Amino acid sequence: MEVNGAPPDVLLQHPWLPVGISGCQLLAKIWFGDAAYHILLTDMSCVWEERMDSAAIQRRSQELNRRLRAPVKAFFSHLCEVAQPILSGSGEQADGEAQISLTRREDDNISIRLKSELAEMPFYWEFRCTPAPVTLVCTQLLRPLLAMSRLLQRQVGQLGGLLVKKDVEIQDYRENGATLSRERLQTDVFEEQTNRENFISKALPLVCSEQQETLGFDDDLQQLYASIVAHENTRALKRKLSEERSVQEDPPATEEQDLTPSLGVGSVSESPEKVGEQSHKRTDATGATKADGATVQKSFDRPAVRPSSKPKKKKVGLFR
């Protein structure tokens, strides 16, 4: 299995379609690009996938068709014409002579072999599908199904509440003298719990028996699946744009900041003469020099000296 193929969001937009191959009922997701494809198959017991890019398709075509020396684009359109109708469950084949078979292997892989004619020569192809990773199964099947289940459950709750309101409305009509023109139109009062129990007891056996025979979604569920997928893609795109915008707005932190201005010391480019002139600008009443910048700078260079009780002579600095 090659790592290249359709981006996850592209494959996600394709529906799950029921497919029957060699008596095996499957659900399939397929994507065919210009010279690449990605397919997903499941029998509700396992999920298989295969994704191939142009280089991998070229190698397999030479392996299965020794006499074929054409580039990928020369025969890939023929492969799409033969494989897409079969894997989409339409049952229509562009090539009437095309043959297909499915084989389950002992290593839990499956292979789908195709045989057709290309330019009056036999053309062979084989889809070699391996078990799909859990993350892909959750993204493509589990999460959309759970979202569909929650959405349908909310719809059932809203419909139940609407039926209760309708019963109240009908009862008001009856109390005010309204009657039905035909007795067969009369309905029982809606009891939500009783209705749920009756529905499960009657519908569950039918659904389970049908699931053994056919897989797939009807048109309404396909539309619901597509709506949920489109909504999730929109949310993911907005979240990605928001993250990119926040990264652009935050300025990069400087690795090193110059603390010299905050200490009151001149910049590094200043000469020692200028530093000396600044240190003699302010003096106290006794004539002792108190240079702001020079004093702070000296405190970092050497420990502070305790002042002596005896007055010292004024020392002349290096800079006048």
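Remember, it's a predicted structure, so these values are computed and weren't measured experimentally.
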Evaluation steps, side chain to side chain donor-acceptor pair (under 3.5 Å), between His38 and Glu49: CA-CA 7 Å; His38 189 180; Glu49 73 157 344; 2.8 Å; yes

Intermediate values then yes/no, salt bridge (charged side-chain N to carboxylate O under 4.0 Å, His left out), Glu63 and Arg59: CA-CA 6 Å; Glu63 174 190 347; Arg59 290 193 298 269; over 6 Å; no

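Using cut-offs of 30° and 60° for the angle between ring planes, the Trp125 and Phe75 rings count as tilted. In this structure, His78 and Phe123 have perpendicular ring planes: the angle between them is above 60°, well past the 30° mark. Ring geometry for Phe32 against Phe76 counts as tilted: the plane angle lies between 30° and 60°, on a 0 to 90° scale.
Checking side-chain atoms of Ser201 against main-chain N and O of Asn198 turns up a donor-acceptor pair under 3.5 Å. Within the 3.5 Å criterion, the main-chain N or O of Asp172 finds a donor-acceptor partner in the side chain of Asn176. Proximity of a side-chain donor or acceptor of Arg128 to a complementary backbone N or O of Ile110 within less than 3.5 Å is not detected. Of the possible donor and acceptor atoms, none in the side chain of Ser149 sits under 3.5 Å from a partner among the backbone N and O of Leu145. Side chain of Thr194 to main chain of Glu191: no donor-acceptor pair is present (N/O by atom type, distance under 3.5 Å, no hydrogens or angles). Distance alone, capped at 3.5 Å, is enough to place a donor-acceptor pair between the Lys29 side chain and the Leu11 backbone. Looking only at distances, a side-chain donor or acceptor of Asn65 sits under 3.5 Å from a matching main-chain atom of Ser61.
Hydrophobic clustering, with ILVMFWY side chains joined whenever heavy atoms are under 4.5 angstrom apart, keeps Val189 apart from Ile170.
Of the candidates Thr42, Asp43, Thr130, Trp48 forms a side-chain contact (heavy atoms from CB on, under 4.5 Å) with just one, namely Asp43.
Residues Glu50 and Arg60 are paired through a salt bridge, judged by an N-O separation under 4.0 Å between the basic side chain and the carboxylate.
Here the straight-line distance linking atom CH2 of Trp31 with atom CG of Leu40 works out to 12.5 Å at 0.5 Å rounding.
Residues Ser101 and Ile21 come closest through the heavy atom pair C-CG2, 4.3 Å. Across all non-hydrogen atoms, the minimal contact from Pro15 to Gln222 is CB-OE1, 3.0 Å. Closest heavy-atom contact between Ile39 and Cys129: CD1-SG, 3.7 Å.
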Could you list the donor-acceptor pairs under 3.5 angstrom formed between side-chain atoms of residues 150-169 and any protein atom two or more places apart in sequence or on another chain?
residue: Asp167; atom: OD2; partner: Phe190; partner atom: N; Å: 2.7
residue: Glu169; atom: OE2; partner: Tyr173; partner atom: OH; Å: 2.8

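Within 6.0 Å of atom CD in Gln223, 12 or fewer heavy atoms from other residues, nucleotides or ligands are found, so the atom counts as exposed in its surroundings.
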